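Some notes on the structure that comes next.
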Number of protein chains: 2
Amino acid sequence: MNRFGEMHCSIAQAVSVVGEPWTPLILRDLFLGVRRFDDLARDLGVSRNLLTQRLERLMAAGVVSRRPYQERPVRYEYHLTEAGLDIVPALMVIMAWGDKWATPPGGPPAVLVHSCGRPFTPVVACPHCGGPVTADTVTATAGPGAAPGPGTWVLAGGLAPG
Amino acid sequence: MNRFGEMHCSIAQAVSVVGEPWTPLILRDLFLGVRRFDDLARDLGVSRNLLTQRLERLMAAGVVSRRPYQERPVRYEYHLTEAGLDIVPALMVIMAWGDKWATPPGGPPAVLVHSCGRPFTPVVACPHCGGPVTADTVTATAGPGAAPGPGTWVLAGGLAPG
DNA sequence: CCGGTTAGTCCTGATTCTGAACTTAGAAGG
DNA sequence: CCTTCTAAGTTCAGAATCAGGACTAACCGG
């Protein structure tokens with residue numbers, strides 16, 4: 001997803017890093033505590049060469065890091081960096097959407113429990129008023145980095161709204 | 001992304017619908033008010049055959065619908081359904097992550113304004129206690145639909161945690 | 001009749017993904 | 001010493017998907 005990385009759009013930027021096929025599931029497994037290459041490959045059923053590529057890209061982007069858990073031969077375990085941990089809430093919001101609109105047969109495969117002790121479905125809120133963030137309660141306006149270009153002509157005002 | 005649709009995992013389910021290349025950006029444009037095929041193709045720079053495929057898939061999944069805005073010849077405009085509007089908050093959380101960890105040159109291209117009148121960065125919260133949802137404050141446990149299979153061996157307990 | 005608009009479809013070459021076998025480096029067992 | 005096992009990749013051929021541009025269909029305005 002190299003083309004997306006050149007767009008002046010934060011969604012495109014994020015997608016170019018964490019939106020490639022398999023990547024969200026790799027991040028999910030890392031969050032769940034899967035640490036090793038073979039475990040990731042086995043759990044997901046992803047081909048090993050692709051897993052190598054994805055982990056390399058995630059490390060280059062600073063989302064995942066690895067450290068040796070043994071020498072001779074060197075074996076690494078992978079885990080989320082600060083940036084990687086920071087994307088976990090987004091994964092949970094996506095999971096909640098999947099639970100609601102594309103429920104897998106048998107019901108939700110996972111239930112989230114908050115540190116307050118209760119199972120929950122995450123909500124997205126405005127930090128100022130605490131109100132819900134929905135398509136109806138939000139407007140997007142051009143920011144300082146808005147520039148006309150592929151994927152951003154709309155925001156920069158170069159494409160007449162329908 | 002058909003393989004993901006068979007996994008017993010709500011993230012995989014969601015990704016199989018809204019995670020294909022270009023799809024998040026198509027949804028973004030629809031939220032921003034772009035309605036027509038040609039406008040979408042021009043704004044994003046996506047090839048027209050792929051845009052056709054993506055819109056078909058999104059309509060089949062109930063995320064996007066279209067209605068004719070003229071007859072002879074029939075011309076459609078596309079918009080988000082309830083399910084499509086419901087994924088907008090997730091897009092905003094992803095956008096916020098992109099702003100923070102993969103800032104496009106020049107700063108954030110877009111700024112969100114809430115109905116309370118203030119620009120904001122969305123936060124993910126627990127609806128019970130109102131506390132923040134982060135990787136540290138959340139645990140995932142097996143739900144009713146948990147089943148061993150590709151992408152879910154971990155959750156179902158079939159893969160020893162590291 | 002000619003050009004313009006809108007929404008696609010069709011085709012070809014390039015890129016990416018899958019699946020399986022192979023490699024490397026050492027450990028364990030007999 | 002020989003074989004088998006584990007872990008983390010690497011390599012390769014065939015299949016699937018994507019990009020980009022040309023083409024089609026249906027109508028409008030002049």
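Letters go in sequence order (proteins before strands), and every chain restarts at 1. None of the values given here were measured: they were computed from a predicted structure.
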Per nearest nucleotide of DNA chain D, the residue lying toward the 5' end, Glu56(A) or Leu50(B), is Glu56(A)

Intermediate values then yes/no, salt bridge (charged side-chain N to carboxylate O under 4.0 Å, His left out), Arg28(B) and Asp43(B) = CA-CA 11 Å; Arg28(B) 182 204 67 151; Asp43(B) 182 56; 3.3 Å; yes

Which is it for Ser47(B) and Asn49(B) under the side-chain hydrogen bond (donor to acceptor under 3.5 Å, both in side chains) test, yes or no, and what are the steps along the way?
-> CA-CA 6 Å; Ser47(B) 61; Asn49(B) 54 357; 2.9 Å; yes

From the candidates dA7(D), dG20(D), dA26(D), the one with an atom nearest any side-chain atom of Ser47(B) is dG20(D)

Classify the side chain of Asn49(B) versus the base of dG20(D) as yes if they form a donor-acceptor pair under 3.5 Å and no if they do not.
-> yes

Classify the side chain of Arg36(A) versus the base of dA7(D) as yes if they form a donor-acceptor pair under 3.5 Å and no if they do not.
-> no

In whole angstroms, how far is the C1' atom of dA7(C) from the CG atom of Asp43(B)?
-> 17 Å

So, is Arg66(B) near the phosphate of dG8(C), with a side-chain N or O under 4.0 Å from OP1 or OP2?
-> yes

Of Glu77(B), His79(B), Met59(B), which is the lone residue that meets side chain to side chain contact (heavy atoms under 4.5 Å, CB included) with Ser65(B)?
-> His79(B)

Leu40(A) CG - dG9(D) C1' separation (whole Å) | 13 Å

Using a cut-off of strictly less than 4.0 Å, decide whether Trp22(A) has a side-chain nitrogen or oxygen near OP1 or OP2 of dT16(C).
-> no

Would you classify Arg72(B) as touching base, sugar-phosphate or nothing, given that sugar-phosphate means primed atoms plus P, OP1 and OP2, and contacts are heavy atoms under 4.0 Å?
-> sugar-phosphate

Arg3(B) side chain N/O closer than 4.0 Å to the phosphate oxygens (OP1, OP2) of dA16(D)?
-> no

Would you say the side-chain atoms of Thr137(A) pair up with the backbone N or O of Ser115(B), donor to acceptor, closer than 3.5 Å?
-> no

Interatomic distance, Phe37(B) CZ vs dT9(C) P [rounded to whole Å] = 7 Å

Rounded to the nearest Å, what distance is computed from the CZ atom of residue Arg42(B) to the P atom of nucleotide dG8(C)?
-> 15 Å

Side-chain contact check for Arg48(B): nearest option of dG8(C), dC17(C), dT6(C) is dG8(C)

To the nearest angstrom, how far is Asp38(B) atom CG from dG4(C) atom C1'?
-> 12 Å

Most 5' of Thr52(B) and Arg75(A) on DNA chain C, judged by nearest nucleotide | Thr52(B)

Check whether any side-chain nitrogen or oxygen of Tyr78(A) sits under 4.0 Å from OP1 or OP2 of dA7(D), and answer yes or no.
-> no

Taking only N and O in the side chain of Tyr69(A), is any of them less than 4.0 Å away from OP1 or OP2 of dT6(D)?
-> no

Between the main-chain N or O of Pro73(B) and the side-chain N or O of Gln70(B), is there a donor-acceptor pair closer than 3.5 Å?
-> yes

In whole angstrom, give the distance that lies between atom CZ of Arg57(B) and atom C1' of dT17(D).
-> 14 Å

Arg54(A) vs dC17(C): side-chain N/O to OP1/OP2 distance below 4.0 Å = yes

